[in-house]
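See below for the structure under consideration.
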2 protein chains.
Amino acid sequence: MKSKRVTLADVAAAAGVSRTTASLVLSDRGDELRISEAAQQRVRRVAAELAYRPNILSSALRRGSSRTIGFVSDTVATSQLAGDLIKGALEHAHRNGYMLFIGETEGAADEERRLVQGMIDRQVDGLIIASMFTRVRAVPAGVDPRSVVLLNALPEDSAMGTVPSIVPDEYSAGRAAVDVLRAAGHSRIHLVGAGPDRGDVPVQTVAGSERLRGILDALAEDGLEPASARLCSVWLPEDGWSATRSLLETGVRGEAIITFNDRLAFGAYQAIHEAGLSIPGDFSIVSFDDHQLASWLRPRLTTFALPHYELGALALQVLLEGDASDAESIRRVPMPLRLRESVAAPGRGTTEAASSSRQTAASP
Amino acid sequence: MKSKRVTLADVAAAAGVSRTTASLVLSDRGDELRISEAAQQRVRRVAAELAYRPNILSSALRRGSSRTIGFVSDTVATSQLAGDLIKGALEHAHRNGYMLFIGETEGAADEERRLVQGMIDRQVDGLIIASMFTRVRAVPAGVDPRSVVLLNALPEDSAMGTVPSIVPDEYSAGRAAVDVLRAAGHSRIHLVGAGPDRGDVPVQTVAGSERLRGILDALAEDGLEPASARLCSVWLPEDGWSATRSLLETGVRGEAIITFNDRLAFGAYQAIHEAGLSIPGDFSIVSFDDHQLASWLRPRLTTFALPHYELGALALQVLLEGDASDAESIRRVPMPLRLRESVAAPGRGTTEAASSSRQTAASP
DNA sequence: CTGTTAGCGCCTTCAA
DNA sequence: TTGAAGGCGCTAACAG
């Protein structure tokens, strides 16, 4: 980068001491090893004057630690939902003097191998293996399990307990979604995206099955079942739209819907609005993710937020603290409720929340 | 990371040659320096068997290049719009054997200084200084201008010409937005977000003033002016909603709107729909950004895409190729048109595009 | 054709 | 209290 770099030897020479002395002073061990106050002052002053900066590469070579962490994800950096995953990890890293390498694999195993290898070649102190959506995945081969953490991913059975794992607490959020609607007085709750049985979820989505499990458990405790459920193999607005249309055709009104994510909810809003119905007057809706969209919709969408920032920060913290080998190696981070205007008491008609002046499905 | 690392010395010993020989063979200079075929084979075989990987830190120390680039942005990693900026840079880097450090400053100057410094301490070969939205900004102090590129940012006058800069071609997109509407037969074009005069843009947005300049120039060439214009100091859905409502109150119908970004367009859709009007029957809309949302709206939104991926990739390419010191140091990347269903010929009533079965503003 | 020697910049014994 | 020497892993000069 820069042609001429100031080295420790330069500082030592300019201060008239040996490299050792300069090194000790600058790593704050001068007092400990009783180096004369005068010499210390001189070294510090000269270092400041020359704007000396230790070369981390050489110190890494000598001491083993590069103060660098690798962050490898399938496609997390690019997804908006998960940008905060990186952000949490980055900020925590920088606060502690660490730098982060970022890599995206697009799900390709050989690309993952190359990225992980490239990071190890650069002597990273640890690796975060992240996934955009929560899923079960293998730990890359050939890495020291003591310095890896899975982020938004669960280890395969074989690696269970050997590698720490950070995931959102989807199960509790599922339960809480039911609680919100029950508290508003609803007992007829329709599901859009998954259900009615535990196995009725899109393939490979941990979030789906955990949310569903939480919902069914919470309902069961009140002796209830979903009023209806529609499985969508993909969770995009379009899918939410069709599922909700199909629900509307059954003629139900004044009940509640849990959509399995906010994009499905967006589609549900559109379908309900097209049918000339209103939210939350005709349907209360609760969702998951807290996509940016959720607060753009009108009425604003009640949803459980994926705690991306916290997940990312925690991953780094676990990695740095290194107390990885706890028995409790899976950490579930709470998904906070964003209580907004899409929920009201059951029954057709205008409710307090529904009486706002801006009523159409998608008005701001 | 790993406790025991295979070193070049290990390979040399196992192959029964000196470290130099091993080094030469493994860096493919064996033939050049005429090392015996037998020795080369042995070295390669042993290296493969031991899974030898050169330690890039030590080679960086010796040779100067760490095959690592620093990417510092204000808040780009977290924003969805700009995730592809990083992606473009990452992929181009990885394809060329480079690794990327990522840093986010949140716009804080001292944080930026620390991050840049942290990267230089790790001997990065170059720096990409990125901005989430296009703006004019200073080059960080103390970095070699030959190894820096500004991404989605323009250098201050003082640094103009010394540092390459990669930005979207907003001006041409502004012109092209007018062209799209003119080609559809529109001559009455309303602006939502900026205008009517060149100076009427939110502060500090290069995108705003360039888009506006392009629009006004293109109109002027046909002897036209905007039919109306509404400046919004912020470009969120809410702002587009109010501006569009105010436009609707003037009673115009069957004309065209250019919104200055897709979130404004989202608000415009909502307002038009609330008024019981349709797109593109009552209003044709053209926008900028190609936000994810644009293809979720119904009818899908015609918009000019920010070429984030290309911007990021080009930044890296310019950095690696090092032909930075061209006279032409600002590179403008075209913003491709995403022609969708939100544009039709002027005049109230159902048009071919408007006759689709799904007509409400926000239906999927 | 191959090995020896000498650093890159830092840290860490070990002597003085 | 300070300095000399050696080595982390790699590469480049220079011999042989």
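The structure presented is a predicted model; accordingly, all values stated were derived computationally and were not measured. Proteins come first, then strands; the chains are lettered A, B, ... in the order of their sequence lines, and each starts at number 1. Heavy-atom basis, side chains included; hydrogens, waters and symmetry copies ignored.
Using a 4.0 Å cut-off between charged nitrogen and carboxylate oxygen, B/Lys87 and A/Glu104 count as a salt-bridge pair. A salt bridge links B/Arg135 with B/Asp74: the distance from a Lys NZ or Arg NE/NH1/NH2 to an Asp or Glu carboxylate oxygen falls below 4.0 Å. Ionic pairing of B/Arg331 and B/Asp169 is not present here: no N-O contact between side-chain nitrogen and carboxylate oxygen is shorter than 4.0 angstrom. Ion pairing between B/Glu37 and B/Arg42 fails under the 4.0 Å rule for side-chain N and carboxylate O.
Per the geometry, CD belonging to A/Gln41 stands 15 Å off P belonging to D/dT1, to the nearest Å. One interatomic measurement links the two molecules: CD of B/Glu37 to C1' of C/dT2, which rounds to 15 Å at whole-angstrom precision. The interatomic distance linking A/Gln40 (CD) with D/dT1 (C1') rounds to 11 Å, in whole Å. Rounding to whole angstrom units, CG of residue B/Leu26 and P of D/dG9 are separated by 16 Å. For the pair A/Leu57 CG and D/dC10 P, the computed distance is 13 Å after rounding to whole Å. Here D/dG3 presents its C1' atom at 11 Å from CD1 of A/Ile35, a figure rounded to the nearest Å. Atoms CZ (A/Arg42) and P (D/dT1) sit 14 Å apart, rounded to a whole Å. When the C1' atom of C/dC8 is taken as reference, atom CG of A/Leu61 falls 9 Å away, rounded to whole Å.
Remark: A/Ala13 pairs with no residue by the side chain to side chain contact (heavy atoms under 4.5 Å, CB included) rule, at least two apart or across chains. A search for salt bridge (charged side-chain N to carboxylate O under 4.0 Å, His left out) contacts involving B/Arg113 returns nothing, not counting sequence neighbours. B/Arg114 is linked by a salt bridge (charged side-chain N to carboxylate O under 4.0 Å, His left out) to B/Glu111, counting only residues two or more places apart in sequence or in another chain.
The list of ring-ring contact (aromatic ring centres under 6.0 Å, His included) pairs with a residue in residues 7-44 of chain A, not counting sequence neighbours, is empty.
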- Query: For every nucleotide of nucleotides 11-16 of chain D, 5' to 3': is a protein heavy atom under 4.0 Å from its base (B), only from its sugar-phosphate (S), or from neither (-)?
  - Reply: BBB---
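Side-chain N or O atoms of B/Arg67 include none that pairs as donor or acceptor with a backbone N or O of B/Val124 at under 3.5 Å.
Here B/Thr21 reaches the OP1 or OP2 of C/dG3: one of its side-chain N or O atoms lies under 4.0 Å away. Phosphate proximity of D/dT2 to A/Ser36: present, with a side-chain N or O under 4.0 Å from OP1 or OP2.
If one axis is set at each end of the helix from C/dC1-D/dG16 to C/dA16-D/dT1 from five pairs, those axes are 50° apart, to 10°.
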